[in-house]
Amino acid sequence: MTPDVEHLLRTEAPQVLGALVRRFGHFDIAEDAVQEALLIASRTWMADDVPENPRSWLIRIGYRRMVDLLRTDQARRRRERLAGVSELAMQDPARRARPVLETDESLTLLLLCCHPALSPTSQVALTLRAVGGLTTTEIAHAYGTAENTMGARISRAKQQLVRAGARFTPPTDADRVSRMNAVMQVLYLIFNEGYTASTGDELARVDLTREAIRLARMLRDSLPDDPEVTGLLALMLLSESRRAARTDDDELVPLDEQDRARWDPELIREGTELIDSVWRRREVGTYQLQAAIAAVHAAAASPDRTDWPQIAALYLGLERLSPTAPVRLSRVVAVAHAYGPARGLALLDDLNRVYHLDEEPLTRQRERAIRAHLLEMTGDTAGAAARYREAAALTQNQVEQRYLQRRAHRLG
């Protein structure tokens, strides 16, 4: 299968799934049917022999396969009523599949995968499976868990959707507002897992960052006037622009040591233009603020020309909107760069006393790494080495672990 055909199938998969779920109402059977349709296409399509209307072709194959699945003895025992409806559809010409409308089902499918009945982890897994087209094996690898464990989680998520009575229908205005936050959070989590993988021997998972960006582009195409959706896409592009410079010979390179000539100028240009286009709307949200911070970094020709006071101010605004442990810890870094390591350490101590960042699961490893760096800047090499070692012991990402161990070893 050529890369062009593979890209086409991945793009069309959510559209086909949406059409089948809309028709039959059962997410799990529809997904099986779509996977089989994609498999048939991957075996029969060539780069110069793709059907004129590939979506219609896939939906026809998926429709037939879904009816076959519904007719099996197992499906009949579990879904007698649904199988009867399917049989009527096959017998009554008026109820057969109508011509496919070229509508984008992706946003509705995203909203379905991010149903509030599901946990955040299940939302992410189901989105990657149904909308992103990743295999269960790929998703399990991204989260450092066994394939059967992830498969069971995805299966439970589908069952929860059925029990919750989730329907594949366009959202109302009220529902769209409440669910869009969940959709953006899921895409943000997918990108972050790809940007710094939680486990493994590579710093990043390019497949996940690329998929998150693709889905964020799709989301913005559906909602071009939503400033937070635009901010989310800008944040991803600006962060991804640094990917090539983040490692050198499989070793982590911190931001202030990166070769900025390796940053992607096209991604920087696009991300900066996106955040500039929404920044003056007076509807500033968390993703816009994070994108603005990334844009300030991107605008600096060298580390010593970074406008750290502006970044510290942006983080303060972000903390007011999103008072989370990771945001507070990031503000410590900005304050230390803007006003000196002693002030950064004092702020870190204050935040630990109140919010216990050193005990929070999301920040306890990074808290030690940041403290080590600040202690090193103040000349406390023994304290810094000890904190680097503690931080290294708390990460399962081998690239990050080697970097921290090397810093500790250098300090003695």
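Quick caveat, the model's predicted, so the values are computed rather than measured.
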Chemist: When rounded to the nearest 0.5 angstrom, what distance separates CZ in Arg371 from CG in Leu345?
Modeler: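 Going from the CZ atom of Arg371 to the CG atom of Leu345 covers 6.0 Å.
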Chemist: Is it the case that Arg328 places NZ or CZ above or below the six-membered ring of Tyr315, under 6.0 angstrom from the centre and within 45 degrees of the axis?
Modeler: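 The answer is no, since Arg328 fails at least one limit relative to Tyr315.
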Chemist: Would you give the length of the straight line joining atom CG of Leu232 to atom CG of Asp226, rounded to the nearest 0.5 angstrom?
Modeler: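 Result: 10.0 Å between the selected atoms.
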Chemist: Ignoring hydrogens and angles, tell me if any N or O in the side chain of Ser239 forms a donor-acceptor pair with the backbone of Met236 under 3.5 Å.
Modeler: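 It does not hold such a pair.
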Chemist: Taking atom CZ of Arg389 as the centre, report whether more than 12 heavy atoms of other residues, nucleotides or ligands fall under 6.0 Å from it.
Modeler: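 Result for CZ/Arg389: enclosed.
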Chemist: State the CD1-CG distance between Ile190 and Leu128, to the nearest 0.5 angstrom.
Modeler: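 Here the rounded value is 4.0 Å.
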Chemist: Determine whether a donor-acceptor pair (N or O, by modelled atom type, separation under 3.5 Å) exists between the side chain of Asn352 and the backbone of Leu357.
Modeler: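 At least one qualifying donor-acceptor pair exists.
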Chemist: Say whether, by atom type as modelled, one donor and one acceptor occur between the side chain of Asp249 and the main chain of Glu251 under 3.5 angstrom.
Modeler: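 Side chain of Asp249 to backbone of Glu251: no pair is present.
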Chemist: What I want to find out is whether Glu193 reaches Arg205 closely enough, with some N-O distance under 4.0 Å, to be called a salt bridge.
Modeler: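 So Glu193 does not pair with Arg205 through a salt bridge.
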Chemist: Can you measure from CZ (Arg387) to CG (Leu374) and round to the nearest 0.5 angstrom?
Modeler: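 Going from the CZ atom of Arg387 to the CG atom of Leu374 covers 12.5 Å.
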Chemist: Just wondering, do Gln258 and Leu255 contact through their side chains at under 4.5 Å, heavy atoms?
Modeler: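 Counting from C-beta outward, Leu255 and Gln258 do come under 4.5 Å.
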Chemist: Consider side chain to side chain contact (heavy atoms under 4.5 Å, CB included). Of Val183, Leu126, Val186, which one does Leu110 pass it with?
Modeler: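 That would be Val183; it is the only one of Val183, Leu126, Val186 passing the side chain to side chain contact (heavy atoms under 4.5 Å, CB included) with Leu110.
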Chemist: Is there side-chain contact between Pro309 and Asp307, with at least one heavy-atom pair below 4.5 Å?
Modeler: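 Yes. Closest side-chain heavy atoms under 4.5 Å.
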Chemist: Within the structure provided, determine whether Gln396 and Gln401 are in side-chain contact (heavy-atom separation under 4.5 Å).
Modeler: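 Not touching, per the 4.5 Å side-chain cut-off.
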Chemist: Do you see a donor-acceptor pair shorter than 3.5 Å between the side chains of Asp304 and Ser302?
Modeler: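 Asp304 vs Ser302: donor-acceptor pair found between side chains.
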Chemist: Are the side chains of Tyr355 and Pro323 in contact, using a 4.5 Å heavy-atom criterion?
Modeler: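 No, too far: nothing below the 4.5 Å cut-off.
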Chemist: Please determine whether the number of non-hydrogen atoms from other residues, nucleotides or ligands lying under 6.0 Å from atom CD of Glu202 exceeds 12.
Modeler: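 Count not over threshold, so no.
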Chemist: Hey, is the main chain of Gln123 close enough, under 3.5 Å, to the side chain of Thr127 for a donor-acceptor pair?
Modeler: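 Yes; at least one donor-acceptor contact below 3.5 Å.
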Chemist: Could you check whether any side-chain heavy atom of Arg410 comes within less than 4.5 Å of a side-chain heavy atom of Glu376, counting everything from C-beta outward?
Modeler: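 Yes; the side chains approach each other to less than 4.5 Å.
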Chemist: Do NZ/NE/NH1/NH2 and the carboxylate oxygens of Glu12 and Arg55 come within less than 4.0 Å?
Modeler: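 Salt bridge present between Glu12 and Arg55.
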Chemist: What residues form a salt bridge (charged side-chain N to carboxylate O under 4.0 Å, His left out) with Glu270, not counting sequence neighbours?
Modeler: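 Only Arg217 meet the salt bridge (charged side-chain N to carboxylate O under 4.0 Å, His left out) criterion with Glu270.
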Chemist: Is there a side-chain contact between Thr44 and Trp57 in this structure, where contact means two heavy atoms from C-beta onward sitting under 4.5 Å apart?
Modeler: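 Yes, at least one pair of side-chain atoms sits under 4.5 Å.
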Chemist: Say whether, by atom type as modelled, one donor and one acceptor occur between the side chain of Ser222 and the main chain of Met218 under 3.5 angstrom.
Modeler: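 Yes: the side chain of Ser222 pairs with the backbone of Met218.
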Chemist: When rounded to the nearest 0.5 angstrom, what distance separates OG1 in Thr286 from CG in Leu318?
Modeler: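 Rounded to the nearest 0.5 Å, the OG1-CG separation comes out at 6.5 Å.
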Chemist: Just verifying a value: how many Å separate Ile293 CD1 and Gln288 CD, rounded to the nearest 0.5 Å?
Modeler: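 The distance works out to 12.0 Å.
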Chemist: If the condition is ring-ring contact (aromatic ring centres under 6.0 Å, His included), which residues does Tyr403 pass it with, not counting sequence neighbours?
Modeler: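 Testing Tyr403 for ring-ring contact (aromatic ring centres under 6.0 Å, His included), a comparison that skips the adjacent residues, returns none.
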Chemist: Is there a donor-acceptor contact under 3.5 Å from the side chain of Thr395 to the main chain of Asn397?
Modeler: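 Side chain of Thr395 to backbone of Asn397, a donor-acceptor pair under 3.5 Å: yes, one is there.
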Chemist: Does Ser42 use its side chain to pair, donor to acceptor, with the backbone of Leu39 at less than 3.5 Å?
Modeler: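 The answer is yes, because a donor-acceptor pair under 3.5 Å joins these two groups.
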Chemist: Tyr388 ring centre to Arg368 NZ or CZ under 6.0 Å, with the angle to the axis within 45°?
Modeler: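 Negative - Arg368 is either too far from the ring of Tyr388 or too far off its axis.
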Chemist: Taking only residues two or more places apart in sequence, or in another chain, which ones meet His373 in a ring-ring contact (aromatic ring centres under 6.0 Å, His included)?
Modeler: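 None.
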Chemist: Return yes if some donor-acceptor pair links the side-chain N/O of Glu228 with the main-chain N/O of Tyr287 below 3.5 Å, else return no.
Modeler: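 Side chain of Glu228 to backbone of Tyr287: a pair is present.
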Chemist: If only atom types and distance count, is the side chain of Ser119 paired as donor or acceptor with the main-chain N or O of Ser122 below 3.5 Å?
Modeler: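 The answer is yes, because a donor-acceptor pair under 3.5 Å joins these two groups.
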Chemist: Flag the pair Asn192 / Tyr188 as yes when at least one side-chain heavy-atom distance between them is below 4.5 Å, and no otherwise.
Modeler: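 Yes. Closest side-chain heavy atoms under 4.5 Å.
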